[in-house]
Amino acid sequence: MELAIGIILGCCALGAGVAMVAGIGPGIGEGNAVAKACEAIGRQPECKGDVTSTMLMGCAIAETTGLYALVIAILLIFVAPNLLVNILLNAIA
């Protein structure tokens, strides 16, 4: 039974780590967006307001992916182990 609990805890930790890999995508995407926005402003300074507002909206939407991954990782670390161990103990008893 301790082996089963250890497997549950290990898989939850592994799943949380894999979920946090999703934080790489928004970082790269937002970096590209800011680079292209700076490039566009450098070429046409008069459209600074439009480019900046569009870039900020895009970065905010891209950031939600990282936030969803963080929520999933927190749930896998703090909620799922207790839930799964209780299910295991109820199935054995």
Side-chain angles (χ1 to χ4, degrees):
M1 179 158 86
E2 285 108 16
L3 178 64
I5 293 173
I7 290 173
I8 288 172
L9 296 176
C11 288
C12 286
L14 185 65
V18 170
M20 286 313 299
V21 171
I24 294 171
I28 293 171
E30 289 174 26
N32 281 339
V34 171
K36 296 296 180 177
C38 288
E39 195 175 302
I41 292 170
R43 288 183 183 167
Q44 293 183 344
E46 65 273 2
C47 68
K48 180 183 176 186
D50 293 335
V51 171
T52 303
S53 63
T54 303
M55 179 203 61
L56 289 175
M57 182 59 72
C59 285
I61 292 171
E63 188 64 32
T64 59
T65 307
L67 292 175
Y68 291 145
L70 178 65
V71 168
I72 295 297
I74 289 172
L75 288 174
L76 281 172
I77 291 173
F78 295 111
V79 177
N82 291 332
L83 183 68
L84 294 174
V85 168
N86 285 338
I87 290 172
L88 176 70
L89 294 177
N90 288 337
I92 291 173

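We use all heavy atoms of the structure for the numbers below, so side chains are in, but hydrogens, waters and symmetry mates are not.
Nearest heavy-atom pair, C59 versus E30, reported as atom, atom and distance to 0.1 Å: O-OE2, 3.4 Å. Residue M20 comes nearest to A69 through the heavy atom pair SD-O, 3.9 Å, listed as atom of the first residue, atom of the second, then distance.
Partner of L88 under the side chain to side chain contact (heavy atoms under 4.5 Å, CB included) criterion, chosen from N86, I92, V85: I92.
Using a 4.5 Å heavy-atom cutoff, the side chains of L89 and M1 are in contact. A 4.5 Å side-chain heavy-atom check between C12 and L84 finds at least one atom pair inside the cut-off. Contact annotation: the side chain of L14 never approaches that of L76 to less than 4.5 Å [non-hydrogen atoms, C-beta and beyond].
The line from CD of E2 to CG of L9 is 12.0 Å long, rounded to the nearest 0.5 Å. Interatomic distance, L75 CG to L83 CG, rounded to the nearest 0.5 Å: 10.5 Å. Between the OG1 atom of T65 and the CD atom of E63 there is a distance of 8.5 Å, given to the nearest 0.5 Å. To the nearest 0.5 Å, atom CE of residue M55 and atom CD1 of residue I41 are 7.0 Å apart.
Grouped with I24 in one hydrophobic cluster are V21, I28, the linkage being side-chain heavy-atom contacts under 4.5 Å among Ile, Leu, Val, Met, Phe, Trp and Tyr residues.
In the hydrophobic clustering of this structure, L56 groups with V34; members are Ile, Leu, Val, Met, Phe, Trp, Tyr whose side-chain heavy atoms approach within less than 4.5 Å, directly or through other members. By the criterion of side-chain heavy atoms lying less than 4.5 angstrom apart, applied directly or through intervening Ile, Leu, Val, Met, Phe, Trp or Tyr residues, I74 is grouped together with I77 in one hydrophobic cluster.
No donor-acceptor pair closer than 3.5 Å links the side chain of T52 to the backbone N or O of G49. A distance-only check finds a donor-acceptor pair linking the side chain of T64 to the backbone of I61 [under 3.5 Å].
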